[in-house]
> 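Before anything else, here's the structure in question.
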Amino acid sequence: MTFDLFADAEPDRMWCEQLCTGAVVLRRFALAHEAAILTALDGITGAAPLRHMITPGGFRMSVAMTNCGRYGWVTDRTGYRYDTTDPASGKPWPGMPEVFLALAQAAASSAGFDGFTPDACLINRYEPGTRLSLHQDRNERDFDAPIVSVSLGIPAVFQFGGARREDKPMRVPLTHGDVVVWGGPARLRYHGVLPLKEATHPLVGHHRINLTFRKAA
DNA sequence: CAGTACCG
DNA sequence: GACG
């Protein structure tokens with residue numbers, strides 16, 4: 001699958017918003033392939049079920065997570081890390097579907113980051129009331145590659161802050177099909193998701209799914 | 001501190 | 001009770 005299948009599929013329904021140097025929102029970017037994405041997602045969660053991981057502080061995360069790709073992001077009492085195996089099964093994470101890879105590469109290119117080769121996709125499932133507090137993505141080996149974040153399902157408010165936790169984050173409403181890309185000077189910016197409100201999406205149901213693509217190694 | 005609790 |  002190529003860039004054309006995404007960026008050129010329905011250009012009149014897509015637009016781009018710049019958040020700062022190195023960060024953009026690609027509105028409705030994933031919409032054209034929502035069915036293929038959701039089908040692939042079912043395959044992944046069937047093999048590597050969503051689960052609530054434990055933070056190093058011993059707290060259960062409200063957001064349920066799983067992974068696909070060579071590396072998966074995991075957390076437990078010993079800390080955050082990338083692992084090639086699912087600690088719940090001992091098996092490798094499900095492979096990254098072609099449609100995921102094509103989506104991530106097309107979004108990165110559209111945002112000005114050519115040659116993005118993600119080897120990790122963290123999948124987050126948010127129920128109403130769940131949240132992800134402000135954090136940095138900093139467990140990757142190098143920070144040259146951008147982060148590509150795909151929103152599916154019910155709306156959420158994304159927080160996008162600065163290089164320091166104290167920097168007041170901007171609030172960015174995200175809906176089904178929106179893709180946020182940040183890299184370069186924005187790569188280590190703090191970000192998070194405010195508690196979700198009750199809502200229903202006709203295809204996804206009463207929750208939000210987020211796909212976060214990274215180059216872990 | 002990828003968390004919750006508490007308080008104004 | 002929602003919000004910061």
Side-chain angles (χ1 to χ4, degrees), chain A residues 19-20 22-23 25 41 44-45 48-88 93 96 100 104 118-143 145-174 178-183 186-199 207-217:
Chain A
L19 301 180
C20 66
V25 185
L41 193 57
I44 293 163
T45 56
L50 291 153
R51 81 295 302 262
H52 295 275
M53 298 189 194
I54 303 299
T55 67
F59 294 100
R60 173 187 183 274
M61 295 182 72
S62 66
V63 175
M65 300 177 161
T66 188
N67 293 274
C68 68
R70 176 164 175 76
Y71 298 97
W73 186 87
V74 292
T75 177
D76 57 24
R77 285 174 187 76
T78 71
Y80 312 132
R81 65 187 177 279
Y82 281 97
D83 205 319
T84 56
T85 61
D86 179 351
W93 297 103
M96 194 177 304
F100 278 28
D119 53 19
C121 175
L122 175 60
I123 297 161
N124 297 156
R125 178 180 161 129
Y126 295 76
E127 304 294 341
T130 64
R131 59 168 296 176
L132 200 56
S133 67
L134 218 53
H135 67 276
Q136 292 173 302
D137 289 6
R138 53 177 301 163
N139 299 115
E140 299 74 30
R141 285 192 101 70
D142 69 70
F143 305 128
I147 302 292
V148 173
S149 173
V150 178
S151 294
L152 300 166
I154 68 175
V157 178
F158 183 60
Q159 291 181 299
F160 196 68
R164 302 170 305 170
R165 190 186 291 277
E166 311 77 59
D167 297 334
K168 184 186 177 183
M170 65 194 302
R171 290 177 171 199
V172 184
L174 296 177
D178 291 345
V179 179
V180 186
V181 182
W182 65 98
R187 176 61 179 74
L188 288 174
R189 283 191 179 235
Y190 279 85
H191 57 281
V193 176
L194 293 178
L196 261 70
K197 293 177 181 168
E198 285 280 359
H207 57 268
R208 169 177 188 257
I209 297 286
N210 176 253
L211 312 176
T212 310
F213 296 91
R214 300 93 179 264
K215 188 179 184 312

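Throughout, protein chains are lettered first and strands after them, A, B, ... in sequence-line order, and every chain is numbered starting at 1.
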> Can you tell me how far C1' of dA2(B) sits from CG of Asn139(A), to the nearest Å?
9 Å

> Any strand counts, and the cut-off is 3.5 Å on both contacts for Watson-Crick or G-U wobble. Which nucleotide pairs with dG8(B)?
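Because both required distances fall under 3.5 Å, dG8(B) counts as paired with dC3(C).
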
> Rounded to whole Å, how long is the line connecting atom CE of Met53(A) with atom P of dC1(B)?
17 Å

> For a quick check under 3.5 Å, do Thr212(A) and Asn124(A) share a side-chain donor-acceptor pair by atom type?
no

> When you check the phosphate oxygens OP1 and OP2 of dG3(B), does a side-chain N or O of Ser133(A) lie under 4.0 Å from one of them?
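Yes, Ser133(A) has a side-chain N/O under 4.0 Å of OP1/OP2 on dG3(B).
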
> Is the cationic atom of Arg208(A) (NZ for Lys, CZ for Arg) positioned less than 6.0 Å from the six-membered ring centroid of Tyr126(A) and within 45 degrees of its normal?
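That pair qualifies as a cation-pi contact.
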
> Check this one for me: any side-chain N or O of Arg165(A) less than 4.0 Å away from OP1 or OP2 of dA2(B)?
yes

> Answer with base, sugar-phosphate or nothing: what part of the nucleic acid does Asn210(A) contact at a heavy-atom distance below 4.0 Å?
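No contact at all - Asn210(A) keeps every heavy atom at 4.0 Å or more from the nucleic acid.
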
> Atom NE2 of His52(A) to atom C1' of dA2(B): distance rounded to whole Å?
14 Å

> Does a donor on one side chain sit under 3.5 Å from an acceptor on the other, for Trp73(A) and Asn67(A)?
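Note: Trp73(A) and Asn67(A) side chains miss the donor-acceptor criterion.
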
> Would you mind classifying the nucleic acid contact of Arg171(A) as base, sugar-phosphate or nothing, using non-hydrogen atoms under 4.0 angstrom?
sugar-phosphate

> Base, sugar-phosphate, or nothing for Thr55(A), non-hydrogen atoms under 4.0 angstrom?
sugar-phosphate

> Tell me: CZ of Arg138(A) to P of dA2(B), nearest whole Å?
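Spelled out: CZ on Arg138(A) to P on dA2(B) is 10 Å.
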
> How many Å lie between CZ on Arg131(A) and C1' on dT4(B), as a whole number?
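Taking atom C1' of dT4(B) as the reference, CZ of Arg131(A) is at 9 Å.
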
> Strictly by modelled atom types, are Glu140(A) and Tyr82(A) linked by a side-chain donor-acceptor pair under 3.5 Å?
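On atom types as modelled, these side chains qualify, holding a pair under 3.5 Å.
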
> Using whole Å, what does the distance between atom C1' of nucleotide dA2(B) and atom CZ of Arg189(A) come to?
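The distance from CZ of Arg189(A) to C1' of dA2(B) comes to 19 Å, rounded to the nearest Å.
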
